[in-house]
Amino acid sequence: MSERPRYYLTTSIAYANNRPGLHTLYEVIGADAMARWHRMGGDDTRFLTGTDEYSVNIATTAAERGLAPKAFVDEMVALFRTADAALGIAPDRFIRTTDPDHQRAVHEVIRRCYANGDLYPGTYEGWYCPNEGFRAVSDLIEDAAGFHCPNHPHVTLQWLSEQNWFFRLSKYQAPLERHFAEHPDWVEPEYRRNEMLGFIRGGLEDFSASRQNATWGIPFPILPDGSSALRSDDTWDPAAGTVYVWFDALINYITGAGFPDDPAAFEQWWPADLHVIGKDINRLHTVMWPAMLMSAGIALPRKVWVHGHLTLQGEKMSKSRGYFLDPMDMVKSLGTDGTRYVALREVPFDRDADVTWDSFVRRYNADLANDYGNLLNRTLTMTGRYLDGARPEPTADGRLAAAWPAALTAYESAFGACLLHDALGALWEFVGAANRAVDAEQPWVLAKAAKAGDAAADTALRGVLGDLLEACRLIAFAAAPFMPTAAAEAAHQLGLEYAYGADGNGGPPLRDLLAWGAAPVGGKVGTPSPLFPRLETESVEP
RNA sequence: GGCGGAGUAGCUCAGUGGUAGAGCAGGGGACUCAUAAGCCCUUGGUCGGUGGUUCAAAUCCGCCCUCCGCUACCA
């Protein structure tokens, strides 16, 4: 087993009922950048993402399209995988809840919870909207005619009851409160933690862990009398019902770590260091999931990070209503790295943000084309023209050498706090410093004097260009978790080796490369070519 | 309704007692290595409203207005 520190992080699994939008993949891009940061940093890293594929809704949607549920989700999952690839997302495993090992994991968790007395047969009753399923009374509209679903006001609601297995969440109120108290930063940002703590303190009800009549789901492995639902012909008795999606979906995180098939792997990877999730599923991850794990006797994840949502022109993204950004279209216009950058720079990772296509293009042009890409381009052009491409060494006492340590510290600190937008902001402060240094030092003036025989000017010129090349190198490598392809290309143009693989593994510990002056001595720079071509707003449409 | 958060320049936000800030967008300028990019300067705000505390309030307190989050069986 490896001696390196290990790091296991996950995204939530995407509901495979439609093709993916940027609002869904935003989280995966962020987690992928984090995974790369750890891989490049030398950690033994495992990054899990995937799809949530069961549920009554998916079975219904599949039927509407005339497909078997599995054929339908296969189609959706292919779209997710294509989009992931286009965005440069490199999971160590793409998990699907329809994977066979996930069913084994779910069954094992259920057996453990049952053995612990936390699963019992009961009856669930409530208002049922044929289009949306059971609805909380607080979500319904009440008028003289009775209750109505807010989204389907003309559909008659039914009062239904069904026989379900229940999970004894009520038993875990005190243990959860204790866990929140003893691990104050286990849910972040803090306001998200407080919301859930408030929810827990308000009292917890048991929740359904199975559905009686849903067939598209993992078979529930236990019959109401406690006997196994596995029949002699090796099939599961449908009378036991299926596992409720929200009970099975969360378990993917341990399936993906090797539970229960590979105890050695599970020992290595669990507990997860980080679950990256969206605010809409906070309760599932920070109330239900830890209770399930406690019941099954499994350690709790170390941290849950709750990011915000993207809205498009003030509207919740929704494909059917036209408020939708297709990541594939973005990649077409902004490139893989451009899309990753603007998504993570323009949307604060700790709260909601409204985005527009224009805001992305503006950000791309300002930060990538104008500031960073142009910095690299002008630096390389001057090195080629004034020094015949020979790469001079950076100085130890220039203004950029002095500015770098603080920039790196701010970058790492924001990254460690999951504030990815702030990390990029800190790095781009340094990009600005490098651009200001060009104008302050005026290498073209130095070059003219050097050509006329001024030895001091020649020394100064080499120092300035050495510093600028070093700044470009540091920016490229530091930004590599966000923009891996551009980092490799920038290194190539700088005449430097880029030893990391496509997923960020391999290569030296990134921290070693991020020291001022860590560049190899000597050599020549390559041919400059615009890294991020400038976009004209008018000619680019999503 | 309850609990929590927020309202500051066109946009996104920083600023917790001492004469209003940043980035982007807009305007002007000098330069020229560069992706007509970069750099310098600059327009622009009764800091949601109102009443108080204080020598002094965006900043503290009261009330009001607006917006947002959480408030369990879609996930």
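Order of the sequence lines fixes the chain letters, A, B, ..., with proteins taken first and strands second; residue numbering starts at 1 for each chain.
If you take atom C1' in B:rG52 and the same atom in B:rU8, they sit 22 Å apart, rounded to whole Å. Comparing the C1' positions of B:rU43 and B:rG49 gives an interatomic distance of 28 Å, to the nearest angstrom. With both ends at atom C1', the span from B:rG10 to B:rC70 equals 33 Å, rounded to whole Å. Nucleotides B:rA37 and B:rG27 are separated by 12 Å at their P atoms, to the nearest Å. Across B:rC41 and B:rG4, the matching C1' atoms stand 44 Å from one another, rounded to whole Å. The same atom, C1', is picked in B:rC55 and in B:rA14; the two are 28 Å apart, to the nearest Å. Taking atom P on both B:rU66 and B:rC60, the two are 23 Å apart, rounded to the nearest angstrom. A gap of 14 Å separates the C1' atoms of B:rC61 and B:rU16, to the nearest Å.
Across the protein-nucleic acid pair, A:L531 atom CG and B:rA34 atom C1' stand 14 Å apart, rounded to whole Å. In this structure, the CG atom of A:N365 is 18 Å from the P atom of B:rG23, given to the nearest Å. The distance from atom CE of A:M292 to atom P of B:rA72 is 20 Å, rounded to the nearest whole Å. With rounding to whole Å, A:Y191 atom OH is found 16 Å from B:rC3 atom C1'. Rounded to a whole Å, the CZ atom of A:F360 is 17 Å from the C1' atom of B:rG23. The CZ-P distance, from A:R534 to B:rA34, rounds to 17 Å in whole Å. A straight line from NE2 of A:H421 to P of B:rA14 spans 9 Å, rounded to a whole angstrom.
Counting non-hydrogen atoms under 4.0 angstrom, A:G278 reaches nothing in the nucleic acid. Looking at heavy-atom distances under 4.0 Å, A:F166 makes contact with a base. Within 4.0 Å of A:L204, counting heavy atoms only, lies at least one base atom of the nucleic acid.
Salt bridge present: A:D439 and A:R378 bring a charged side-chain N and a carboxylate O closer than 4.0 Å. With respect to A:K70 and A:D74, a salt bridge is recorded, a charged nitrogen being found less than 4.0 Å from a carboxylate O. Electrostatic pairing of A:E188 and A:R193 does not count as a salt bridge here, judged by no charged N lying under 4.0 Å from a carboxylate O.
Remark: aromatic rings of A:W404 and A:F430 are close, center separation under 6.0 Å.
The nucleotide whose nearest atom lies closest to any side-chain atom of A:N377 is, among B:rA75, B:rA34, B:rC24, B:rA34. Which of B:rA75, B:rU35, B:rU71 sits closest to the side chain of A:F199 comes down to B:rU71. The side chain of A:T381 sits closest to B:rA34 out of B:rU35, B:rC24, B:rA34. When distances are taken from the side chain of A:R351 to each of B:rC70, B:rC13, B:rU35, the shortest belongs to B:rC13. Candidate nucleotides B:rC39, B:rA75, B:rC73 were compared by shortest atom distance to the side chain of A:R436, and B:rC39 ranks first. Nearest nucleotide to the side chain of A:E195, out of B:rU35, B:rG69, B:rC39: B:rG69.
You'll find a donor-acceptor pair under 3.5 Å spanning the side chain of A:N374 and the base of B:rA34, going by distance alone.
Base pairing of B:rA6: its partner is B:rU66, meeting the Watson-Crick or G-U wobble criterion (both donor-acceptor distances under 3.5 Å). Here B:rU32 sits opposite no nucleotide as a Watson-Crick or G-U wobble pair (both hydrogen-bonding atom distances under 3.5 Å).
Counting only distance, with no hydrogens or angles, the side chain of A:Y364 and the backbone of A:P533 share a donor-acceptor pair below 3.5 Å.
When only modelled atom types and interatomic distance are considered, A:T395 and A:D467 share a side-chain donor-acceptor pair under 3.5 Å. A donor and an acceptor atom, one from each side chain of A:S55 and A:Y15, are located under 3.5 Å apart.
Between A:Y372 and A:W428, the two ring planes are perpendicular [angle over 60°; tilted spans 30° to 60°]. Ring geometry, A:Y114 versus A:W165: the interplanar angle exceeds 60°, so the pair is classed perpendicular (tilted spans 30 to 60°).
Residue A:Y372 places none of its side-chain N or O atoms closer than 4.0 Å to OP1 or OP2 of B:rA37. Residue A:N435 places none of its side-chain N or O atoms closer than 4.0 Å to OP1 or OP2 of B:rC39. At least one side-chain nitrogen or oxygen of A:R385 sits closer than 4.0 Å to the OP1 or OP2 atom of B:rA34. Contact annotation: A:R283 does not reach the phosphate of B:rA72 (side-chain N/O to OP1 or OP2, under 4.0 Å).
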Dump the pairs, protein N or O against N or O of nucleotides 27-32 of chain B, anything under 3.5 Å, distances to one decimal.
none

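Mapped onto RNA chain B by nearest heavy atom, A:F207 and A:L375 fall at different nucleotides, with A:L375 at the one closer to the 5' end. Looking at which nucleotide of RNA chain B each of A:P533 and A:A353 is closest to, the 5′-most match is held by A:A353.
By the 6.0 Å and 45° rule, A:R340 does not stack over the aromatic ring of A:F482.
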